[in-house]
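Note sheet for the following structure.
Residue numbers start from 1 in every chain, and the chains themselves are labelled A, B, ... in the order their sequence lines are given, proteins ahead of strands. In this text the structure is predicted, and so the values were computed from the model without any measurement.
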Protein chains: 2
Amino acid sequence: MFSGCEEVSVPVRIGDKWTGKILVCLKDGKRRFSELQVPLQGVTPKVLTESLRAMERDGFLLRHAHPEVPPRVEYEITDLGRTLLELMETTCDWTAAHLTELLQARRAYQERAV
Amino acid sequence: MFSGCEEVSVPVRIGDKWTGKILVCLKDGKRRFSELQVPLQGVTPKVLTESLRAMERDGFLLRHAHPEVPPRVEYEITDLGRTLLELMETTCDWTAAHLTELLQARRAYQERAV
DNA sequence: TACGTAAGTATCGTTGCGGAAACCAGGGTG
DNA sequence: CACCCTGGTTTCCGCAACGATACTTACGTA
């Protein structure tokens with residue numbers, strides 16, 4: 001997750017590309033696979049599955065599969081996942097506080113190069 | 001930078017592979033290119049240069065090139081770089097606090113799969 | 001004249017993440 | 001019988017990061 005600014009590539013990231021956004025989506029309660037695809041605009045099912053499996057493996061979320069047809073699967077954040085979310089919010093704060101400075105440094109660097 | 005545990009891949013990382021270690025190396029004062037290559041065991045000059053250039057561009061360090069032969073270049077951490085280092089230490093703390101729990105989750109996941 | 005030296009470049013190859021598109025399972029519905 | 005639904009899986013592909021190896025520069029020294 002790039003913390004806080006998608007338009008500019010900032011060197012602060014936690015997990016893979018979607019980990020952070022998934023945790024945010026799960027913050028307020030369980031969500032289904034298809035309910036995650038909507039806010040996570042543009043994520044393909046393959047990549048979403050991969051991210052969810054990795055996060056389940058690491059204990060950041062729980063996967064509840066209901067044996068129905070059509071299938072229904074709910075994802076739920078764990079306590080450990082919440083600590084990670086908290087850490088991510090810290091990095092978001094860092095970005096918010098220093099992004100201007102970083103972009104300014106980039107502009108100055110550009111001008112020196114010219 | 002994987003924060004605090006190299007042996008296990010943990011989904012907490014800041015910058016590219018070497019950013020974190022470079023900042024740590026510069027924490028206590030200026031260092032030359034060759035002085036960075038030593039503690040950063042195994043980094044090739046190409047990759048080290050790429051990392052240093054990116055960090056210079058973003059304002060995390062300053063590059064002092066002395067016009068001598070053979071060349072002498074010193075790298076120095078900036079205030080902005082120090083705030084990033086601080087953030088990284090926070091993520092290291094998170095890892096230290098939760099790595100056991102994460103590994104335990106992985107083992108449990110493994111066993112469920114078997 | 002050849003060599004050493006510091007800080008890189010240049011070139012090539014490998015690997016892994018992420019994405020696009022198509023396919024699947026299996027019961028419910030028309 | 002054909003089609004729809006959800007939650008995937010499978011296959012293929014491109015790009016960027018990372019790495020290995022060789023080369024360069026330009027001066028002081030043996």
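Taking atom CD of residue A:Glu74 and atom P of nucleotide D:dT6, one finds them 14 Å apart after rounding to whole Å. A:Leu48 has its CG atom 15 Å from the C1' atom of C:dC17, to the nearest Å. Rounded to whole Å, atom P of D:dA17 lies 13 Å from atom NZ of A:Lys17. Across the protein-nucleic acid pair, A:Glu50 atom CD and C:dG16 atom P stand 13 Å apart, rounded to whole Å. In this structure, B:Glu68 places its CD atom 11 Å from C1' of D:dC27, rounding to the nearest Å. In this structure, the CG atom of B:Asp16 is 12 Å from the C1' atom of D:dA16, given to the nearest Å. Between the C1' atom of D:dC5 and the CZ atom of A:Phe33 lies a distance of 14 Å, rounded to the nearest Å. At whole-Å resolution of the value, NZ in A:Lys21 and P in C:dG18 are 11 Å apart.
Using a 4.0 Å cut-off, no side-chain N or O of A:Thr44 falls inside it from OP1 or OP2 of C:dA20. Proximity of A:Ser34 to the phosphate of D:dG7: a side-chain N or O atom is located under 4.0 Å from OP1 or OP2. Side-chain N/O atoms of A:Arg72 include none lying less than 4.0 angstrom from OP1 or OP2 on D:dC5. In this model, the phosphate group of D:dG7 is not approached by any side-chain N or O of A:Arg53 to a distance below 4.0 Å at OP1 or OP2. Between A:Tyr75 and D:dG8 there is a side-chain polar atom (N or O) within less than 4.0 angstrom of OP1 or OP2. For B:Arg31 and C:dA6, the shortest distance from a side-chain N or O to OP1 or OP2 is not below 4.0 Å. For the pair B:Arg32 and C:dG8, the criterion of a side-chain N or O lying under 4.0 Å from OP1 or OP2 is not met.
How far CG of B:Leu48 is from CD1 of B:Ile22: 5.5 Å, rounded to the nearest 0.5 Å. B:Leu52 contributes atom CG, which lies 8.5 Å from atom CZ of B:Arg63 (distance to the nearest 0.5 angstrom).
Under a cut-off of 6.0 angstrom, the local environment of CD in B:Glu76 is crowded, with over 12 non-hydrogen atoms contributed by other residues, nucleotides or ligands. The neighbour count for B:Glu68 CD, taken as heavy atoms of other residues, nucleotides or ligands under 6.0 Å away, is above 12.
Candidate nucleotides D:dC18, C:dG8, D:dG7 were compared by shortest atom distance to the side chain of B:Arg63, and C:dG8 ranks first.
The base of C:dG19 sits within donor-acceptor range of the side chain of A:Lys46, with an N or O pair under 3.5 Å.
In this model, a donor atom of one side chain and an acceptor atom of the other lie less than 3.5 Å apart for A:Thr19 and A:Asp16.
Of the two residues near DNA chain C, A:Pro45 and A:Val69, the one whose nearest nucleotide lies more 5' is A:Pro45. Heavy-atom distances to DNA chain D give each of B:Pro71 and A:Leu52 a nearest nucleotide, and the one nearer the 5′ end belongs to A:Leu52.
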